[in-house]
A.B. asks: 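Take a look at the following structure, please.
Since we're looking at a predicted model, the values are computed, not measured. Starting from 1, each residue takes its place in the sequence as its number. All values below come from the heavy atoms of this structure, side chains included, with hydrogens, waters and symmetry mates left out.
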Amino acid sequence: ALFVVLTVVTTAVVALGGKTATQPGTQPGTQPGTDTPQAAVQGWATAMETGNLTTADTYLSSTRRSDGTTSAELVMSVVYENTRVANVVIGSTNTNGNQATVSATVYLVQPPDGITMGAVMTFRMIRESGGWKIDELDYGRIGPSPT
């Protein structure tokens with residue numbers, strides 16, 4: 001059975017000309033989920049919501065990563081330490097060549113009492129290596145989450 005599986009996998013790779021399949025809409029060599037500015041913000045948001053900061057940081061531009069910026073620092077620069085992202089609702093997107101802005105409402109849970117705050121944020125995106133990355137994060141209004 002193992003021989004059959006290996007034969008099928010080998011045949012599939014040969015049929016693809018030695019290339020492996022990529023996620024639909026994703027260019028080879030780019031991170032899945034970065035084919036649009038909205039998808040990159042959603043990928044970052046999902047990683048932040050699950051507490052996977054290492055994955056969230058992969059959605060940052062090479063400039064941000066090289067200057068030592070982390071996703072946790074982006075969020076905590078305006079709110080309390082140990083604040084976590086609970087939800088992100090993507091709003092409007094404006095794309096101009098290799099730059100884009102994505103407006104989103106980011107719902108943050110603040111310790112110690114677990115108050116949820118809604119922050120309107122603008123993600124400034126750049127196209128880098130065929131995918132979209134977060135280069136800057138601007139904060140708009142921050143206030144209690146609607147009940």
A.B. asks: Any idea which heavy atoms bring A104 and F123 closest together, and the distance?
C.D. replies: CB-CE1, 3.8 Å
A.B. asks: When rounded to the nearest 0.5 angstrom, what is the spacing between OG1 in T63 and CZ in R65?
C.D. replies: 9.0 Å
A.B. asks: Quick check on the hydrophobic clustering: are V106 and I90 connected, directly or via other members, by side-chain heavy-atom contacts under 4.5 Å?
C.D. replies: yes
A.B. asks: Which heavy atom of V88 sits nearest a heavy atom of Q42, and at what distance?
C.D. replies: O-OE1, 4.3 Å
A.B. asks: Could you state the interatomic distance from OH (Y107) to OG1 (T116), rounded to the nearest 0.5 Å?
C.D. replies: 10.0 Å
A.B. asks: Between N87 and E49, is any pair of side-chain heavy atoms under 4.5 Å apart?
C.D. replies: yes
A.B. asks: Working to the nearest 0.5 Å, report the span between CE of M117 and CG of L108.
C.D. replies: 8.5 Å
A.B. asks: Should we count CG of N96 as having more than 12 external heavy atoms under 6.0 Å?
C.D. replies: no
A.B. asks: Measure across T95 and P37 and return the closest heavy-atom pair with its distance rounded to 0.1 Å.
C.D. replies: OG1-CG, 4.0 Å
A.B. asks: When you compare the side chain of E136 with that of R64, does any pair of heavy atoms fall below 4.5 Å?
C.D. replies: yes
A.B. asks: Identify the two heavy atoms, one from E73 and one from G68, that lie closest to each other, and give their separation to 0.1 Å.
C.D. replies: OE1-O, 3.3 Å
A.B. asks: How close do M125 and I134 get, counting heavy atoms only, and between which atoms?
C.D. replies: SD-CG1, 3.7 Å
A.B. asks: OG1 of T50 to CZ of R84: how many Å apart, nearest 0.5 Å?
C.D. replies: 11.0 Å
A.B. asks: Find the distance between CE (M48) and CG (L53) and round it off to the nearest 0.5 Å.
C.D. replies: 5.5 Å
A.B. asks: Look up atom CH2 in W44 and atom NZ in K133, then write down how far apart they are to the nearest 0.5 Å.
C.D. replies: 14.0 Å
A.B. asks: Can you tell me if D135 and S61 form a side-chain donor-acceptor pair at under 3.5 Å?
C.D. replies: yes
A.B. asks: Which residue, T55, N52, D57, T54, forms the side-chain hydrogen bond (donor to acceptor under 3.5 Å, both in side chains) with S71?
C.D. replies: D57
A.B. asks: With the 4.5 Å side-chain cut-off for hydrophobic clustering, are L137 and I126 part of the same group?
C.D. replies: no
